[in-house]
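To keep things clear, I will list the structure first and then write my remarks on it.
Throughout, protein chains are lettered first and strands after them, A, B, ... in sequence-line order, and every chain is numbered starting at 1.
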There are 2 protein chains.
Amino acid sequence: MKNSLKVERAIMDLTQGELADKIGVSRQTIHAIEAGKYVPSTVLALKLARLFGKPVEAFFMLESTD
Amino acid sequence: MKNSLKVERAIMDLTQGELADKIGVSRQTIHAIEAGKYVPSTVLALKLARLFGKPVEAFFMLESTD
DNA sequence: ACTTTTTGTAAAGTTTATTTTACTTTTTGA
DNA sequence: TCAAAAAGTAAAATAAACTTTACAAAAAGT
């Protein structure tokens, strides 16, 4: 799973910490997702989608390895 | 998190087992998600979205408790 | 150059997703 | 109505998400 969270965050002009607060997770969780360390739950993905005003598919994309 | 997986599955005319096979998870995982026992990963949600030809938001919806 | 903010990293611990196996109940179809 | 298929349930085990704390590196602002 790839994601363009970093870009969306830049568009919204938010730090990792600010985004984490808005979504209700720790800063490290945001960092880990951006770094591709793990895949978030669907709840988290939907919260990000709501915040970004875009569908989940717009910033989370499946890869052949998934 | 609510979901209408059961409906989407009915539209596609698939059993829990068939859907599980197509997505690459166990039948119990499909059942548990339909029963609201737990929330799937974003990878799983995206695979379902691809299969159903609909965005994730079409069959997974946040609740006030999320 | 110095200070502050932001980001990266890492380890230990907790919670939650997912699998496997197995058994029961319900639904479907002949 | 009987048999087969599908769905519900449950417990134990494993993997993965997420938190907390804490510190190092990098970036940004003055």
What distance separates H31(A) NE2 from I33(A) CD1, expressed to the nearest 0.5 Å?
11.5 Å
Do Y38(A) and S41(B) come close enough that some side-chain heavy atom pair is under 4.5 Å?
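No, their side chains stay 4.5 Å or more apart.
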Do S4(A) and M61(A) come close enough that some side-chain heavy atom pair is under 4.5 Å?
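The answer is yes; the side chains approach within 4.5 Å.
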In whole angstrom, give the distance that lies between atom [atom1] of [X] and atom [atom2] of [N].
X	N	atom1	atom2	value
D21(A)	dT6(C)	CG	C1'	14 Å
Q16(B)	dT28(C)	CD	P	13 Å
E34(B)	dG8(D)	CD	P	7 Å
R9(B)	dT27(C)	CZ	P	14 Å
I30(B)	dG8(D)	CD1	C1'	15 Å
L19(B)	dA7(D)	CG	P	10 Å

Side chain Q16(B), main chain R27(B), donor-acceptor under 3.5 Å
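Pair absent, no side-chain N/O of Q16(B) close to backbone of R27(B).
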Do the side chain of N3(B) and the main chain of G36(B) share a donor and acceptor less than 3.5 angstrom apart?
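Flag not set: sc N3(B) to bb G36(B) has no pair under 3.5 Å.
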Under the salt bridge (charged side-chain N to carboxylate O under 4.0 Å, His left out) test, which residues partner E8(B), sequence neighbours left out?
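Checked E8(B) against salt bridge (charged side-chain N to carboxylate O under 4.0 Å, His left out); matches are K54(B).
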Quick check on dG8(D): is either OP1 or OP2 less than 4.0 Å from any side-chain nitrogen or oxygen of H31(B)?
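Indeed, a polar side-chain atom of H31(B) lies that close.
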Evaluate the criterion salt bridge (Lys or Arg N to Asp or Glu O under 4.0 Å) for residue pair R9(B) and E18(B); output intermediate values, then yes/no.
CA-CA 10 Å; R9(B) 192 164 60 75; E18(B) 286 167 346; over 6 Å; no
Contact string for nucleotides 15-30 of chain D, one letter per nucleotide 5' to 3', B = base within protein heavy-atom range under 4.0 Å, S = sugar-phosphate only, - = neither, reads --SBBBBB--------
Residues E57(B), R50(A): salt bridge by 4.0 Å N-O rule:
no
Bend angle of the helix from dA1(C)-dT30(D) to dA30(C)-dT1(D) from five-pair axes at both ends, rounded to 10°?
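That helix gives 70° between its end axes.
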